[in-house]
Structure formats: structure tokens, C-alpha cells
Amino acid sequence: MEINWEDGSTVKVRVEDGGTVVISANKEGLLSLAGQLADLANEKTGCHIHYDAYNSLEDGSSELIIEKIE
């Protein structure tokens, strides 16, 4: 699956006390995530997208994995 990002996209993920996950993104980041999730929905069970500060998220972000299940 190809992961595409809109130019200028900004996405940050943080885990707050108590375990709440917060995803903060600008318009381009939200559009990018929406497209990626739509693409993931059409993949086979078990496919996933791994997001982290090394490949797509802002520095200081927590890792995030989104996986398609049956």
C-alpha cells in the first residue's frame, strides 16, 4: 500500500495521562490520514500502517499503528 501525504501536512500523536490518545493535525494532515484510512479499508485483514516520528509524524510524537481487522 502506498502512503501519500499532502504537501505541508502536520500530524502529531500523544498519549495523555490516563491513556487518552490525541491526534492533532492540520487540514493537509487530516486529508492525508483520511485517504490513508480509506486505502487501508480496501486492504486484506492484518494490513497496517505504522506511524512514528521517523517516517511521518512530528518530532516528539508517540508511535501509532492502525490495523485492519475482519
Could you go step by step and tell me if Glu16 and Val22 meet the side chain to side chain contact (heavy atoms under 4.5 Å, CB included) rule? CA-CA 7 Å; Glu16 295 183 338; Val22 177; 3.7 Å; yes
Under 3.5 Å, is there a donor-acceptor pair between the side chain of Asn55 and the main chain of Tyr51? no
Distance (rounded to the nearest 0.5 Å) between Lys68 NZ and Thr45 OG1: 5.5 Å
Shortest non-hydrogen separation from Leu31 to Glu6 and the atoms involved: CB-CG, 4.2 Å
Point-to-point distance, once rounded to the nearest 0.5 Å, from CG of Leu40 to CD1 of Ile3: 8.0 Å
Taking Glu43 for its side chain and Met1 for its backbone only, find out whether a donor-acceptor pair lies under 3.5 Å. no
If you measure from NE2 on His50 to CD1 on Ile65, what distance do you get to the nearest 0.5 Å? 4.5 Å
Taking C-beta and beyond as the side chain, do Ser24 and Arg14 meet within less than 4.5 Å on heavy atoms? yes
Can you find a pair of side-chain heavy atoms, one from Thr20 and one from Val15, that are under 4.5 Å apart? no
Looking at Ala25, is its backbone amide N or carbonyl O close enough to the side chain of Lys12 to form a donor-acceptor pair, meaning the two atoms are under 3.5 Å apart? no
If we only count heavy atoms from C-beta on, is the Ile49 to Asp39 side-chain gap below 4.5 Å? no
Distance col, row Glu70:CD vs Lys44:NZ, nearest 0.5 angstrom, shows 12.5 Å
If you compare all heavy atoms of Ser9 against all heavy atoms of Ser32, which two are closest, and at what distance to 0.1 Å? CB-OG, 3.9 Å
Are Leu64 and Leu30 connected, step by step, through hydrophobic side chains (Ile, Leu, Val, Met, Phe, Trp, Tyr) whose heavy atoms are closer than 4.5 Å? no
Donor-acceptor check, side chain of Asn26 to backbone of Thr10, threshold 3.5 angstrom: yes or no? yes
Measuring from atom CH2 of Trp5 to atom CG of Leu33, what distance do you get when rounded to the nearest 0.5 angstrom? 4.5 Å
